[in-house]
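By convention in this document, chain letters (A, B, ...) are assigned in the order of the sequence lines, proteins followed by strands, and residues within each chain are numbered from 1.
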Number of protein chains: 2
Amino acid sequence: MKALVVDDDRVLADLIAFTLRHEGFQVQLAYNGESALRLWQDDAPDVIVLDLNLPKLDGFAVCRHIRAEADTPIIMLTVRGEDDDIVRGLEMGADDYVTKPFSPRQLVARIQAVLRRAGKAQVTAVAQVGDLFLDSGRREVRVGQSVVVTLTRLEAKLLHYFMVNVGHVLTNEAIIAYVWGPEGGDRDMVRQLVRRLRRKIEPDAANPLYIETVSGVGYSLVDRQPMQ
Amino acid sequence: MKALVVDDDRVLADLIAFTLRHEGFQVQLAYNGESALRLWQDDAPDVIVLDLNLPKLDGFAVCRHIRAEADTPIIMLTVRGEDDDIVRGLEMGADDYVTKPFSPRQLVARIQAVLRRAGKAQVTAVAQVGDLFLDSGRREVRVGQSVVVTLTRLEAKLLHYFMVNVGHVLTNEAIIAYVWGPEGGDRDMVRQLVRRLRRKIEPDAANPLYIETVSGVGYSLVDRQPMQ
DNA sequence: TGGAGCTGTGACAAAGCTGTGACAAATGGG
DNA sequence: CCCATTTGTCACAGCTTTGTCACAGCTCCA
């Protein structure tokens, strides 16, 4: 498990590194934003502990840059009381904020919580909504008592996103961001993917029961109870 | 998007509920652990804001119980300085800790960060004025106890603008700027759109109850109380 | 009183959205 | 490397939404 620690206060950075190594992490240290971005690129850490106040390229810029390209969990460090900074950073994509001074124990616990969360979001999830049963690991779905159907990578990803947000409308933009990530995509790609997914799970894709179209907005998964 | 707020401090609980409702959440309140567990079971909230110090069944017990059975994101509230509690709660499965006192903005940003990591889409706006209920995400409106009506993109946009400014006259120019933006538009377009919206929400569009005309100026939404 | 302006309405053309088909390009596995 | 599968791209059809124009009725003012 690799951590990148970024803080221009070398004493604090070393202390954090020591704490994390004690917890079993491999730690890389950066004392400014440029080094941080380089190490992030070269090393692909599992979590980043990122101080807000860095010389030149500050913590916000680093967070923005990383978040534009990856999902790496980011925990930001800030001085007590800077509410605006906390809100701004969280909205920008940070996962947590720890206010200096803090105890090493709390930092570790927060890192573990963030990793737990991030791991949960990625790992094989078995989801059930109404009579849809999805095994994300195997990329298999069963509708009620029908046979198991194998989905492609993107189909499974989309269905999972629908199921996590059952009952809510997912805009085309949100679907694109979730399924295709930073490279993005367009409406035509969404349309094709929805069509392919409907073909696999709907009893009649021309009259869908599960995946509803919301014209001009996107799509929504309906919670259909088990068919009798 | 549903939130469950648990705090024996009723004033604070109500304040949090108000804040979250303003962000578009549907909020359920519990003032003790037993009610919290019941509501969690019955209501399946998307996120739980859980105070540590509750009478009888405390926040830890509630967290432990929920975490044993579900992945629902849990944000715990604690009094400043209780490092042991924070670490203990995070290790037990809480997703985040917010220390009292805190700003509503920060709480919301932390909730959004946790939901984001869980793959949950952004909350969409719901609005209520009198007996008009608008779900902007689905582009659906319900008038009192009548059936849900689907609006077009522009109709929903206009109705939302009316509802946010209920009781105020919106000039044609303001409506044009809001609905059509930089490309602009003309009075005829406003007229048509108002007509179409009236057709969908007014019991009798020829004698409108909700959308009043202010000749030479624009239109205004009237706050009509629920019909008996 | 007549003309101008405003508002509501009807009707139709233009624009937009969605689903579908087909094929090329990209990807992954043996 | 080859082949099968998946994904992306483009074209088209059908339906819905929006814009535009014409007209009628009402109000106000010179």
Side-chain angles (χ1 to χ4, degrees), chain A residues 136 138-141 149-161 169-173 175-221, chain B residues 136 138-141 149-161 169-173 175-221:
Chain A
S136 289
R138 317 180 74 98
R139 298 196 342 225
E140 291 176 345
V141 62
V149 174
T150 302
L151 302 175
T152 67
R153 186 177 72 88
L154 292 189
E155 289 161 3
K157 200 167 183 184
L158 178 61
L159 182 57
H160 184 257
Y161 191 46
V169 180
L170 300 178
T171 64
N172 287 309
E173 291 73 44
I175 291 171
I176 289 166
Y178 185 81
V179 173
W180 287 281
E183 316 106 70
D186 62 31
R187 293 234 186 117
D188 210 35
M189 292 159 70
V190 177
R191 208 150 57 217
Q192 277 292 329
L193 186 56
V194 167
R195 173 163 72 146
R196 289 178 171 135
L197 184 56
R198 275 177 171 150
R199 275 241 202 83
K200 291 194 179 178
I201 70 170
E202 300 278 357
D204 174 14
N207 299 283
L209 286 180
Y210 300 103
I211 305 179
E212 281 187 345
T213 305
V214 182
S215 191
V217 180
Y219 300 91
S220 171
L221 183 70
Chain B
S136 291
R138 316 195 73 94
R139 305 225 308 247
E140 290 177 345
V141 61
V149 174
T150 301
L151 303 176
T152 66
R153 186 176 76 88
L154 293 188
E155 289 161 3
K157 199 167 184 184
L158 178 60
L159 182 57
H160 186 255
Y161 190 46
V169 179
L170 302 179
T171 65
N172 288 308
E173 291 73 43
I175 291 172
I176 289 165
Y178 183 79
V179 173
W180 286 280
E183 316 106 69
D186 62 32
R187 295 239 184 113
D188 209 36
M189 292 161 69
V190 177
R191 210 152 52 219
Q192 277 292 328
L193 186 55
V194 168
R195 173 165 70 143
R196 288 176 171 140
L197 183 56
R198 276 176 171 151
R199 273 241 203 85
K200 290 195 178 177
I201 70 170
E202 300 279 357
D204 174 15
N207 299 282
L209 286 179
Y210 299 102
I211 304 179
E212 283 189 344
T213 307
V214 183
S215 192
V217 180
Y219 300 92
S220 171
L221 183 71

Is there a side-chain polar atom (N or O) of [X] under 4.0 Å from OP1 or OP2 of [N]?
| X | N | result |
| --- | --- | --- |
| B:W180 | D:dG19 | yes |
| A:S215 | D:dT17 | no |
| A:R187 | C:dG19 | no |

[X] side chain, from C-beta outward: closest of [options]:
| X | options | answer |
| --- | --- | --- |
| B:R196 | C:dG19, C:dC6, D:dG19 | D:dG19 |
| B:T152 | D:dT17, C:dG21, D:dG8 | D:dT17 |
| A:D188 | C:dT9, D:dT9, D:dG19 | D:dT9 |

Go nucleotide by nucleotide along DNA chain D from the 5' end; which of A:R191 and A:T150 gets its closest nucleotide reached first? A:T150
If each of B:Q192 and A:M189 is mapped to the nucleotide of DNA chain D with the nearest heavy atom, which maps nearer the 5' terminus, i.e. the 5' end? A:M189
Distance-only polar pair, side chains of A:R191 and A:T213, donor-acceptor under 3.5 Å: no
Any side-chain heavy atom of [X] sitting closer than 4.5 Å to one from [Y]?
| X | Y | value |
| --- | --- | --- |
| A:E140 | A:V149 | no |
| A:K200 | A:L151 | yes |
| A:V169 | A:Y219 | no |

5' precedence on DNA chain C between B:R153 and B:Y219 (nearest-nucleotide basis): B:Y219
